[in-house]
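We number each residue from 1, following the sequence as shown.
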Amino acid sequence: MPSCTDAFETANYAQPYFDPLGLILAEEAGKVVGFVHAGFGFSKDKQSLDRSIGVICAVMVLPEFRRQGVGRELVRRAEEYLRQASATEIVAGQFSGCDPFYFSLYGGAKPCGFLASDPLAAPFFQSLGYQPGNTFGVYSRDLLECKDPFSMRLMSIRRRTELTLTDQPNQPTWWWYTHLGRFESVRFRLVDKKTKTPLAAVSIISLDHYTSKWNERAIGLVDMFVAESERGKGMGQALLIETVRNLRQDLIDRVEIHGPDDNPLALKALCGAGFCRIDTGTVYKKPSV
């Protein structure tokens, strides 16, 4: 977790849709011993909340108070809050489009369910009737390793494209303003040199609040996009490699990115760009509400 409260407050309390009723505390003799935080997903166009999708964003209980039913009761109350707010579907663990809080605070670059490196999550949610759903890979690349992947296809892409920077997407959504717009983020775009048409793009965010724990400067890559006509042609791989080269010049030590396991083209691009899988996130779904 970050060493100060600034990142926590920005990602949570400062959000325009933060509802105190969704943050439920457990106390013992006036001491907070656990909490659960629930929110909602976003509409398909990411321009508003979708209150039909409830999300258990986080749940924590102090070790000495575990196995006493505290976590179970916290989740029950969170589910009750979500149902009363019209949720017809509830998931535990955030992912793209269902990530109202804790952006870049849990899971690294962005939330992607509950991590396999957090061994208590799976048995806890499964004991409450949740079933494993979507999974996501957490990928990392050490930039001190300067040897970048090379192929004739990559060389051809590099000849006809160039990497440009912008401060936001062409059409930023409400989700973008409430997430990336709140951080120091820039967007790398791989564009055709002749037509200036964007072929692929990815946003970078600072992970400076992890520096004291990781002992290295890290950057997160999020919201990656490849034009439909360019998918499967190495464009995503080329974008990642060019982005890595640019970040290396800024003395960044490590880059992290997440990829959904149900998108083999994205995972192929990540591995082809020299990223290694270091963790797995799982989203848990409640069969019925």
Closest approach of A200 to M235 (non-hydrogen atoms, all atoms of both residues)
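For A200 and M235, the tightest heavy-atom pair comes out as CB-CG, 4.0 Å.
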Under 3.5 Å side-chain donor-acceptor pair for [X] and [Y]:
X	Y	result
R51	S86	no
R254	S140	yes
S117	D279	yes

Quick check on side chain to side chain donor-acceptor pair (under 3.5 Å): which of D261, T282, D262, T280 does T135 satisfy it with?
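Considering D261, T282, D262, T280, a side chain to side chain donor-acceptor pair (under 3.5 Å) with T135 is found only for D261.
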Taking 4.0 angstrom as the limit, do [X] and [Y] come out as a salt bridge?
X	Y	result
E228	K233	no
R245	E242	yes
R83	E79	yes

So, do [X] and [Y] have ring centers that fall under 6.0 Å from each other?
X	Y	answer
H37	Y102	yes
H179	F101	no
F275	Y139	no
F8	Y13	yes

Side-chain ([X]) to main-chain ([Y]) donor-acceptor, under 3.5 angstrom:
X	Y	value
Y106	L115	yes
T243	L239	yes
D19	L21	yes
D253	R217	yes

Just wondering, do K110 and S104 contact through their side chains at under 4.5 Å, heavy atoms?
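Contact flag for S104/K110 side chains = no.
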Using the side-chain hydrogen bond (donor to acceptor under 3.5 Å, both in side chains) rule, take W175 and D99 through it: C-alpha gap first, then chi angles, then the decisive distance, then the call.
CA-CA 9 Å; W175 177 92; D99 51 358; 3.0 Å; yes
Name of the residue among F95, F124, F125 meeting ring-ring contact (aromatic ring centres under 6.0 Å, His included) with F114:
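The residue from F95, F124, F125 that satisfies ring-ring contact (aromatic ring centres under 6.0 Å, His included) with F114 turns out to be F125.
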Throw together a table of side-chain donor-acceptor distances under 3.5 angstrom for residues 52-62, partners on residues two or more places apart or in other chains.
from: S52; atom 1: OG; to: D50; atom 2: OD1; distance (Å): 2.6
from: S52; atom 1: OG; to: D50; atom 2: OD2; distance (Å): 3.4

T195: partners by side chain to side chain contact (heavy atoms under 4.5 Å, CB included), with sequence neighbours left out:
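Result, side chain to side chain contact (heavy atoms under 4.5 Å, CB included) vs T195: D192, T197.
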